[in-house]
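One-based numbering, in listed order, for ligands and for the atoms of each.
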Amino acid sequence: MFTAILLDKNDDGTTAAKLAQLDDTQLPADGDVTVSIDYSTINYKDGLAITGKSPVVRKWPMVPGIDGAGEVIESSHPEWKAGDRFILNGWGVGENHMGCLAQRARLKGDWLIPLPAGMTSKTAMSIGTAGYTAMLCAMALQEQGVKKDGGEILVTGASGGVGSIAIAILSGWGYRVVASTGKLSETDYLKSLGAAEVIDRNELSAPGKPLQKERWAGVVDSVGSHTLANAVAQTRYGGTVTACGLAQGLDFPASVAPFILRGVKLIGIDSVMAPKAKRIAAWDRLAKELDPHKLATITQEITLADALDKAFDILAGKVRGRLIVNMRD
Ligand code: NDP
């Protein structure tokens with residue numbers, strides 16, 4: 001038997017979340033690698049699944065948890081054998097395939113990537129999908145030619161998981177990062193991660209003009225809605241905006257003016273179905289280039305039981321940085 005968070009649907013359509021004891025016969029049959037999970041995380045999407053606030057869960061009952069790191073117990077996949085250490089991010093795990101907020105999981109070997117040399121499961125989950133997505137955004141800015149001496153980078157949702165790690169990565173690479181936050185009380189924290197300046201997110205969250213004063217050479221946006229529209233409207237000629245999230249909203253109330261008059265590029269970032277080679281490249285850079293001291297200040301460790309309440313906190317924007325779940329506690 002092992003412990004897991006189990007989600008089920010109530011008769012009225014709401015989600016029931018509880019800690020449960022499961023056995024291996026309850027793990028999905030469509031998996032070729034059985035693993036023990038050392039650490040998982042609570043991402044924004046896990047918050048949506050556990051609270052039922054958005055319909056991210058597609059099969060019931062479900063174990064949530066889009067991220068996991070640990071050790072292979074048993075495998076019929078040619079690339080994986082017992083004792084191998086892995087990272088899992090996304091692929092619909094925790095949405096339509098039982099996930100990693102559990103001490104055990106059965107996954108597809110094609111979804112796993114090797115834990116980078118020298119990295120622990122704990123560090124991998126401190127980064128998690130949020131940090132790996134932040135790296136995909138930062139790499140996209142570089143690929144689009146945004147140079148560290150080319151102007152400022154705006155990071156929205158700055159105190160969240162994606163935002164915090166994006167600040168650490170980009171400032172570590174020498175960019176001047178401006179952090180937009182609703183928690184000005186976290187200014188010292190954001191500066192300790194490397195933000196050169198902190199602005200109030202109210203400057204960006206209300207409806208704005210289609211073209212505004214040019215400021216940003218690049219943007220990492222995890223917020224969407226008016227914030228993304230204003231960020232695009234303030235991006236300099238030829239600049240790049242990466243969009244990965246919807247913490248303010250799924251809408252994008254913008255005009256085409258910045259694209260056709262300033263050549264601004266809007267790059268969508270998806271971590272869930274990203275190809276394996278891209279994941280391995282991102283994780284390799286995270287292992288080598290993310291300051292471990294900064295990562296430690298970003299991370300808070302909780303238990304599986306705590307995760308049930310923390311799911312509500314993350315959706316309420318009350319969580320700073322990253323929540324990691326120790327499965328052995
Ligand atoms: P967090 O909850 O950790 O961070 C989100 C941050 O957004 C909050 O901390 C807060 O930061 C800000 N925020 C919250 N509510 C609002 C609001 N109403 N208006 C403006 N800002 C708000 O989540 P993550 O960092 O894990 O994820 C961020 C987003 O990115 C989510 O929408 C998530 O679904 C998405 N995501 C997408 C991925 C992909 O593959 N595309 C992968 C990972 C995440 P502050 O208080 O500092 O303003």
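- A salt bridge links E95 and K45; the closest N-O separation between the charged side-chain nitrogens and carboxylate oxygens is under 4.0 Å.
- At a 3.5 angstrom cut-off on N or O pairs, T181 counts as close to ligand 1.
- Taking any N or O of R201, backbone or side chain, at least one lies under 3.5 Å from an N or O belonging to ligand 1.
- For ligand 1, the atoms lying closer than 4.0 Å to a non-hydrogen atom of D270 are 40 (O).
- The shortest N or O to N or O distance between T129 and ligand 1 is not below 3.5 Å.
- Residue I269 has at least one N or O atom closer than 3.5 Å to an N or O atom of ligand 1.
- Near S271, with a cut-off below 4.0 Å to any heavy atom, the atoms of ligand 1 are 39 (C), 40 (O), 42 (C).
- Considering only non-hydrogen protein atoms, atom 23 (O) of ligand 1 sits nearest to Y44 CB, 3.5 Å.
- The N/O atoms of L246, backbone and side chain alike, include one that comes under 3.5 Å of an N/O atom in ligand 1.
- Selection from A247, G128, A166 by nearest heavy atom to atom 17 (C) of ligand 1 gives A247.
- Looking only at distances, no side-chain donor or acceptor of D24 sits under 3.5 Å from a matching main-chain atom of L27.
- The two residues G99 and V93 make their nearest non-hydrogen contact at CA-CG1, 3.4 Å.
- The residue among G163, S222, G317, G161 with a heavy atom at the shortest distance from atom 3 (O) of ligand 1 is G161.
- Checked for salt-bridge contact, K81 and D84 meet the test: a charged N lies under 4.0 Å from a carboxylate O.
- With ligand atoms numbered from 1 in the order given, ligand 1 contributes 20 (C), 21 (N) to contacts under 4.0 Å with heavy atoms of V223.
- Within ligand 1, the atoms closer than 4.0 Å to a non-hydrogen atom of G157 are 6 (C), 7 (O), 11 (O), 12 (C), 47 (O), numbered from 1 in the order shown.
- D200 contributes no side-chain N or O that, together with a main-chain N or O of E203, makes up a donor-acceptor pair within less than 3.5 Å.
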**Study point:** Step-by-step side-chain hydrogen bond (donor to acceptor under 3.5 Å, both in side chains) determination, T34 to R106
**Key:** CA-CA 4 Å; T34 305; R106 186 170 295 130; 3.1 Å; yes
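- No donor-acceptor contact under 3.5 angstrom links the side chains of T181 and E186, judged on distance only.
- Taking every non-hydrogen atom of C244 and a distance limit under 4.0 Å, the qualifying atoms of ligand 1 come out as 30 (O), 35 (C), 36 (N), 37 (C), 38 (C), 39 (C), 41 (N).
- Protein heavy atom in closest approach to atom 46 (O) of ligand 1: K183 NZ, 2.8 Å.
- Between K276 and E79 there is a salt bridge, since at least one side-chain N of the basic residue sits less than 4.0 Å from a carboxylate O of the acidic one.
- Of the residues listed (R104, R85, R328), the one engaging E71 in a salt bridge (Lys or Arg N to Asp or Glu O under 4.0 Å) is R85, and it is the only one.
- For atom 42 (C) of ligand 1, the closest non-hydrogen atom of the protein is T133 OG1, 3.1 Å.
- Contact annotation: the side chain of V155 never approaches that of S180 to less than 4.5 Å [non-hydrogen atoms, C-beta and beyond].
- Remark: R279 is not positioned above the aromatic ring of Y132, lacking an NZ or CZ atom under 6.0 angstrom from the ring centre and at most 45 degrees off the axis.
- Nearest non-hydrogen protein atom to atom 19 (N) of ligand 1 is Q248 CB, 3.5 Å.
- For atom 30 (O) of ligand 1, the nearest protein heavy atom (residue, atom name, distance) is G245 CA, 3.4 Å.
- Per-residue contacts place A158 under 4.0 angstrom from the following atoms of ligand 1 (heavy atoms of the residue considered): 47 (O).
- Checked for salt-bridge contact, R215 and E197 meet the test: a charged N lies under 4.0 Å from a carboxylate O.
- Under a 4.0 angstrom heavy-atom cut-off, I314 registers as being in contact with ligand 1.
- The nearest protein atom to atom 25 (O) of ligand 1, hydrogens excluded, is given as V162 N, 2.8 Å; this is a heavy-atom distance.
- When only interatomic distances are considered, the shortest N/O to N/O separation between S159 and ligand 1 falls below 3.5 Å.
- Residues Y175 and V146 share a closest heavy-atom pair of OH-O, 2.6 Å.
- Ligand-side atoms of ligand 1 in range of G182: 45 (P), 46 (O), 47 (O), 48 (O), range being under 4.0 angstrom from any heavy atom.
- For atom 4 (O) of ligand 1, the nearest non-hydrogen atom of the protein is G160 CA, 3.2 Å.
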